[in-house]
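These notes concern the structure reproduced below.
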Amino acid sequence: MITATLPPAALLPLAPHSPGIPAFSVRPAHQDDGPALAALSQPFVRTGALRERPLSLYLSQASDFLVAQAPDGTLEGCVGLHEHPTAGVLYNFCVAPHRQGSGMGGRLLHAAFARARNRSLGTLFTATTGSGRLFLRHGFVPARPSLAPATWARSLDPDRNARVLARAL
């Protein structure tokens with residue numbers, strides 16, 4: 001997974017509980033959310049923060065995702081949790097630019113932690129080409145790729161120079 005953060009110029013400075021920001025809910029994604037997941041991810045793909053993934057992946061792996069949904073039904077954040085036998089991998093984590101700084105990313109992470117614990121996963125891994133600040137604030141630490149699930153570690157693109165982070169649950 002690549003942490004999806006747009007360049008600072010694209011960010012809107014919003015306080016975590018700004019009265020101008022409507023509430024949101026976090027829920028498991030449904031297969032019919034696939035097109036919205038792909039659309040939400042596209043700005044981050046264009047900046048290189050996320051890898052390109054086909055719509056078919058979002059449709060077939062929608063059950064991996066947790067989504068943050070605005071009251072009007074719009075998806076404004078998402079994170080995938082792929083399960084391996086004893087560990088999970090967070091991927092395609094992104095929050096719409098107008099929601100960054102609102103606490104949405106933290107709520108998505110906490111929902112992913114709860115899902116991983118419920119599925120008896122002992123560790124979560126992720127990879128980021130960005131600063132990883134959100135992950136580090138939530139207990140992730142740098143980790144060697146060799147500690148991560150082997151199939152995922154082999155799938156990392158060395159040209160992206162992503163940093164692997166891990167968090168025990």
Side-chain angles (χ1 to χ4, degrees), residues 1-7 26-68 75-97 100 104-169:
M1 185 203 101
I2 303 303
T3 304
T5 305
L6 291 178
V26 174
R27 65 166 175 82
H30 310 291
Q31 186 176 16
D32 59 348
D33 289 324
L37 289 166
L40 176 65
S41 302
Q42 276 308 300
F44 303 99
V45 170
R46 284 193 294 274
T47 67
L50 284 179
R51 292 190 301 179
E52 180 78 44
R53 291 179 170 88
L55 175 59
S56 61
L57 178 131
Y58 293 106
L59 293 170
S60 67
Q61 296 181 357
S63 63
D64 279 2
F65 283 87
L66 295 165
V67 297
L75 298 189
E76 297 183 326
C78 67
V79 63
L81 169 60
H82 189 76
E83 296 177 41
H84 295 266
T86 60
V89 173
L90 296 179
Y91 70 99
N92 206 98
F93 182 34
C94 57
V95 173
Q100 292 181 8
M104 184 176 283
R107 285 217 7 229
L108 281 166
L109 273 181
H110 283 279
F113 297 163
R115 177 182 266 194
R117 282 187 198 100
N118 286 339
R119 296 181 177 172
S120 301
L121 301 176
T123 307
L124 287 178
F125 290 89
T126 194
T128 181
T129 58
S131 70
R133 276 190 311 261
L134 181 66
F135 292 113
L136 297 170
R137 280 197 317 261
H138 286 87
F140 283 81
V141 296
R144 293 189 318 269
S146 62
L147 298 174
T151 54
W152 175 74
R154 284 192 303 270
S155 76
L156 295 173
D157 180 352
D159 293 336
R160 292 181 60 81
N161 200 27
R163 196 165 45 134
V164 173
L165 303 173
R167 182 189 194 278
L169 296 174

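Residues take their numbers from the sequence shown, with the count starting at 1. Computed from a predicted structure; not experimentally measured.
- Legend: residues meeting salt bridge (charged side-chain N to carboxylate O under 4.0 Å, His left out) with R27, ordered by chain and number and at least two apart, are D33.
- Among residues two or more places apart in sequence or in another chain, the side-chain contact (heavy atoms from CB on, under 4.5 Å) test is passed with H138 by L109, H110, F113, L134.
- Heavy atoms only, all atoms of each residue included: L75 and A36 are closest at CD1-CB, 3.7 Å.
- The backbone N or O of L136 sits nowhere less than 3.5 Å from a side-chain atom of R167 that would complete a donor-acceptor pair.
- Here L156 contributes atom CG and N161 contributes atom CG; the two are 11.0 Å apart, rounded to the nearest 0.5 Å.
- Of all heavy-atom pairs spanning D64 and R115, the tightest one is O-NH1, 3.2 Å.
- Partners of H84 by side chain to side chain donor-acceptor pair (under 3.5 Å), not counting sequence neighbours: none found.
- From L50, atom CG reaches atom OG1 of T128 across 9.5 Å, with rounding to the nearest 0.5 Å.
- When all heavy atoms are compared, the tightest approach of F93 to G105 is CZ-O, 3.5 Å.
- Taking all atoms of both residues into account, the shortest heavy-atom contact from V164 to P145 is CG2-CG, 3.8 Å.
- For residues 142-158, no pair satisfies salt bridge (Lys or Arg N to Asp or Glu O under 4.0 Å), with sequence neighbours left out.
- Here the CG atom belonging to L124 is positioned 11.5 Å from the CG atom belonging to L165, to the nearest 0.5 angstrom.
- Under a 3.5 Å cut-off, the side chain of E52 and the backbone N or O of V45 do not form any donor-acceptor pair.
- Distance NE2/H30 to CG/L37: 10.5 Å, rounded to 0.5 Å.
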> Hey, mind stepping through L108 and V26 against side-chain contact (heavy atoms from CB on, under 4.5 Å) and telling me if it holds?
Replying inline: CA-CA 7 Å; L108 281 166; V26 174; 4.0 Å; yes
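- For the residue pair A29 and A62, the shortest heavy atom distance occurs at CB-O, 3.4 Å.
- In this structure the side chain of P28 never reaches within 4.5 angstrom of the side chain of S63, judged on heavy atoms.
- A112 pairs by the side-chain contact (heavy atoms from CB on, under 4.5 Å) definition with L66, V79, L90, not counting sequence neighbours.
- With rounding to the nearest 0.5 Å, the separation of CG in L57 from CG in N92 is 8.0 Å.
- Remark: E83 engages R119 in a salt bridge (charged side-chain N to carboxylate O under 4.0 Å, His left out) (not counting sequence neighbours).
- Scored by the side-chain contact (heavy atoms from CB on, under 4.5 Å) test, S155 finds R51, W152 as partners (sequence neighbours excluded).
- Among all heavy-atom pairs drawn from P85 and L121, the shortest one is O-CD2, 4.3 Å.
- Here the CZ-CZ distance, from F135 to F125, works out to 13.5 Å after rounding to the nearest 0.5 Å.
- Residues passing the side-chain contact (heavy atoms from CB on, under 4.5 Å) test with A38 are L55, Y58, sequence neighbours excluded.
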